[in-house]
Structures are given as structure tokens and as C-alpha cells.
2 protein chains.
Amino acid sequence: MPEDRALPPEVEGGEATERMLQILSTSARLFATAGYEGTSMRDIAQACGISKSLLYHHFADKDEIFARITLGSTRELVQFVEARLPEGATASARLRAFMVATGEYFQRYRWAWIASTTAFWNDPQQRRHAERMLWRDRYEGLVRSLIQQAIAAGEIRPLDVPLAGRLVLSSLNWMHRWHKPDQGMPAPEVAAEYFDMIFSGLRADGQGLPPGHPEG
Amino acid sequence: MPEDRALPPEVEGGEATERMLQILSTSARLFATAGYEGTSMRDIAQACGISKSLLYHHFADKDEIFARITLGSTRELVQFVEARLPEGATASARLRAFMVATGEYFQRYRWAWIASTTAFWNDPQQRRHAERMLWRDRYEGLVRSLIQQAIAAGEIRPLDVPLAGRLVLSSLNWMHRWHKPDQGMPAPEVAAEYFDMIFSGLRADGQGLPPGHPEG
DNA sequence: CCCTTCGTTGACCAAGCGGTCAGGGTCCGG
DNA sequence: CCGGACCCTGACCGCTTGGTCAACGAAGGG
């Protein structure tokens, strides 16, 4: 399968054998398509072409596999996006870069992304997933701070910052429900279009769309 | 439980006894919180205070319960929203009404809504769910036609209509991941705020926000 | 009075689940 | 040649799953 290695480079603890990476990337695809409960350890083993016991040799249990994927993928997302924010640019240009980078990440690590965004948001205690929530919060905090900076700089009108942040994230998080990988507009372009729409608005009299189209 | 009767009035075929409604509304809550695979027939029976066998007396199998909820809820959504579009108004005012009505529907029939939007989008053959897809398409077609009308009327600038429609729907469909029923802004108000942001844009120089605030 | 209908139940089934375990290879350092 | 370390496997366990079935009790019409 071509897209089996659709996993971010780091997958937590650092050490990960080739076999473990294969298990993780295969599991990511299965979790993304059938959900956590809908994916059995037998499914994973069969898709990997190995015995079920081997899964338990490399991982403690089903939840550890899932947590490795979602935690690793969420942490990587934040670092991926943060590394792509142009430092000298305006706040709105950085917000645009935030959205485009998220689109790139979605395009590259599709299955892990879907598994992560599909995973339960409001978790039962589970210390394993608490760390993922922290990275999610940091990600959401980042988009809010960019909006706040843009307001302070007079680039964005004063408004409900958390709600505006949710609008931005909603557009990106919902992409996996309709976007096909090798069909239509590439995800980063979709993200850029979304930015233009959200930033400039749909309204006709809003004098065009100045901020995008440097095509970053 | 107070919110158990959180089901749209019609649930398909028309005839539905009180017990069937109880089963459907209870199942909707369980499906919404634990997912389809994560909800067992025993869970449903116990939550209803009845025996598992009785479920099979009223419904053929698990999938029929699920399909009744998601199909009924999706069909009701479309009819609910269509009934709330002001006929004489401008296209953008109708788009705003579309979003606010969706927020109202989400607020009223929370569990059925979540179960429906969480359900698989791209279905394996399953004729049972094909009808739901039709209503979903009609719903998405409605928002696209409103945007198209607004463009034709010069209220919205020319742009990628399907993408703009997806932006609108993304904001609404993602609400259930963060919105708490009795906490913060009511869902219809959130939808109205979203409309203002999307229609007028976040940009500071876009001369304020004329279209909302008749608070329809 | 009986007979049918209908809501209801507990016992039961095969299959699948997550997880365990004893052990078989294979390679490498001593 | 031995002994550990590491991958890897098939058989197995207790439990839960979706679904079936025979039967029971109350209601209601003839």
C-alpha cells in the first residue's frame, strides 16, 4: 500500500523500530476509517501481515497504539505549524500561514490526522490522553493569540476571539469529512481560500481580497 | 432523565409507539456519546430499563435503530430549516436564517444531531443510509443555492460556491465538539455570530457589520 | 369462556473481542 | 558450544457482542 507510511516522523518516546512504525501507520489508517471501537486487534494484525501476539510484544495494549498515534500526531502538528509561522510578518499573514500549514499537515499525515480529530475530545480521566489535550490547547491558544495580535495591530476588527478561533479551526477540522487526497484542490490551497473568505468576508462591497494571493 | 425526549417529532414511517420513541431517544443519546460501535444493545436496554429482547421486538436490528435516528433527524433538519427561510428577504438574509435555524435545531435535538453528524459520511452501499445521504445533499444544495443567489444579487462577491458552502457548514457541524448546552452563548446566537464573521469578514477595514443584528 | 394479539422476559447461541502464555526460531557475544 | 536477547507464533481464556427463541401475562372481542 502506497500511503501506509503516512505517519509523522516522531511518534513519541523517540525509539521506534521499523515494525513498530508499520504497526502504527497501519493502525492509523484503520482507526481513521473504522474508528477505535470498530477496529479490532485482529484487523490490525491481519493488515500488517503479522500475528496478533506480536502487537502485544511491541505495545502494551490497544489503547497504547491509539494514544501513540494521536499524541504523536497532535504534538507534531503544533511543532509543524509553529515552525512555519513567518516571524517578521503581520499577525494576519501569520494567521494565514497557520491555516496553510495545517492544510499541509493534513495532506501529509492524513490518517493520523483523522484518527486524532476523530478521537474523543472530552476524555474520561485517562492520563495517557491528557497530554494530547495539552497540545490541542496549545494549538487552539496559538490561533487565538494570532487573532488577538491582529486585533491589537488593527488588522482585525474587535470581536469574540475564542469564537473567531473556533471558526478558523472548524473549517480545517471538518476538511477530512469531504476532502479527497488526489482529487480537487490540494488541502493547503483550500486552507488559503478559507483564510481569504474568513478574513475578507463573503460580502461584495468589502473591496476585494488584499491579503492572500502572495500564495505562500 | 430530562433531555431524554430530545428527538425530532417525526421518526420515519410515521407510526411509533411511546416505547419506540423512548428507545430511539435513549439510543440517540448513547450513540452520540459513545459512538455506534461503542454502544451495545445491552447498554440501550439497560438505559431504557427494559430487556434486550424487547429491542428486537420493536426493531429488526441495531442498525435499524441507528438508521431511524439519523435518517429521521436529517430529514427533519432540512424541513425545519426550509420552513424558517424568510421568503421575501434578500439572499444573504436567508443565508443568515439558514445558519440560525440550524443552530436552533442543534440546540433542540442535540443527541440526534450529534449521532447524525458523527455517523459515517461515505457509506458502504447500505441502502438504509442512502436516503439520509439524499437529504444531506439537499441540505448542502440549499446552502449553495443561497450563496449563488446572493452572488447573482450582488450581495456576495463571486467566489468558489461549493467551498464557501463548506465553510458555512463546517462552522455549524463542528459546534457539537465544543458547545455545552447550558453554558455560554446559545447555539442560535453562535450561528448568528458565525454568519457575521463569515459574511463581513474579520478584517478591520471592512466597514463594520451591517447585515446581522436585526436579531432574527 | 376461549382464543388471539401484543408487549415482555430470561435463557441461550455462535462469533468475536482484548489480552495471556509457553515456547520456537535466529542471531550474537563469550 | 552455550546462553541470553529479541522477534515472532498458535493455542487458549474469560467475557461481551448482536441476535434468537420459547414462553408468559394481561387485554379484549366473540
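A note on names: the letters A, B, ... follow the listed sequences, proteins ahead of strands, and every chain is numbered from 1. A quick note: this is a predicted structure, and the numbers were derived from the prediction, not measured.
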Query raised in the report: When you measure from the side chain of T17(A), which nucleotide among dG18(C), dC7(D), dT9(C) comes out closest?
Result: dC7(D)

Report task. For I50(B) and dC24(D), give me the distance from atom CD1 to atom P, rounded to whole Å. Result -> 22 Å

Requested in this report: Would you kindly give the CE-to-P distance between M41(B) and dC15(D), to the nearest whole Å?
Outcome: 23 Å

**Report entry** Comparing R42(A) and L54(A) on DNA chain D - which has the more 5′ nearest nucleotide
**Finding:** L54(A)

Report task. Mark yes or no: R177(A) above the aromatic ring of W174(A), with NZ or CZ under 6.0 Å from the six-membered ring centre and no more than 45 degrees from the axis. Result -> yes

Query raised in the report: Would you call R94(A) and E87(A) a salt bridge, using N to O less than 4.0 angstrom?
Result: no

Report task. Please report, rounded to the nearest Å, how far the C1' atom of dC21(D) is from the CG atom of L55(B). Result -> 16 Å

Report task. Find the distance E18(B):CD to dC6(C):P and express it as a whole number of Å. Result -> 19 Å

Query raised in the report: Would you say S51(B) reaches dT8(C)'s phosphate, i.e. side-chain N/O to OP1/OP2 under 4.0 Å?
Result: no

Requested in this report: Measure the distance from CD1 on I44(B) to P on dG18(D) and round it to the nearest whole Å.
Outcome: 8 Å

**Report entry** Distance flag, aromatic centroids of F98(B) and Y139(B), threshold under 6.0 Å
**Finding:** yes

Requested in this report: Look at the aromatic rings of F106(B) and W113(B) and report parallel, tilted or perpendicular, splitting at 30° and 60°.
Outcome: perpendicular

Report summary line: In whole angstroms, the gap separating C1' of dT20(C) from OH of Y56(A) amounts to 9 Å

Report summary line: For R144(B), the salt bridge (Lys or Arg N to Asp or Glu O under 4.0 Å) test, sequence neighbours excluded, returns E140(B)

**Report entry** S40(B) side chain near dT16(D) phosphate (N/O to OP1/OP2, under 4.0 Å)
**Finding:** no

Report task. Using a cut-off of strictly less than 4.0 Å, decide whether H57(B) has a side-chain nitrogen or oxygen near OP1 or OP2 of dT8(C). Result -> no

Report task. Measure the distance from NE2 on H58(A) to P on dC8(D) and round it to the nearest whole Å. Result -> 5 Å

Query raised in the report: Between R19(A) and dC8(D), does any side-chain N or O lie under 4.0 Å from OP1 or OP2?
Result: yes

Query raised in the report: Can you check the F59(B) CZ to dG18(D) C1' distance for me, whole Å?
Result: 16 Å

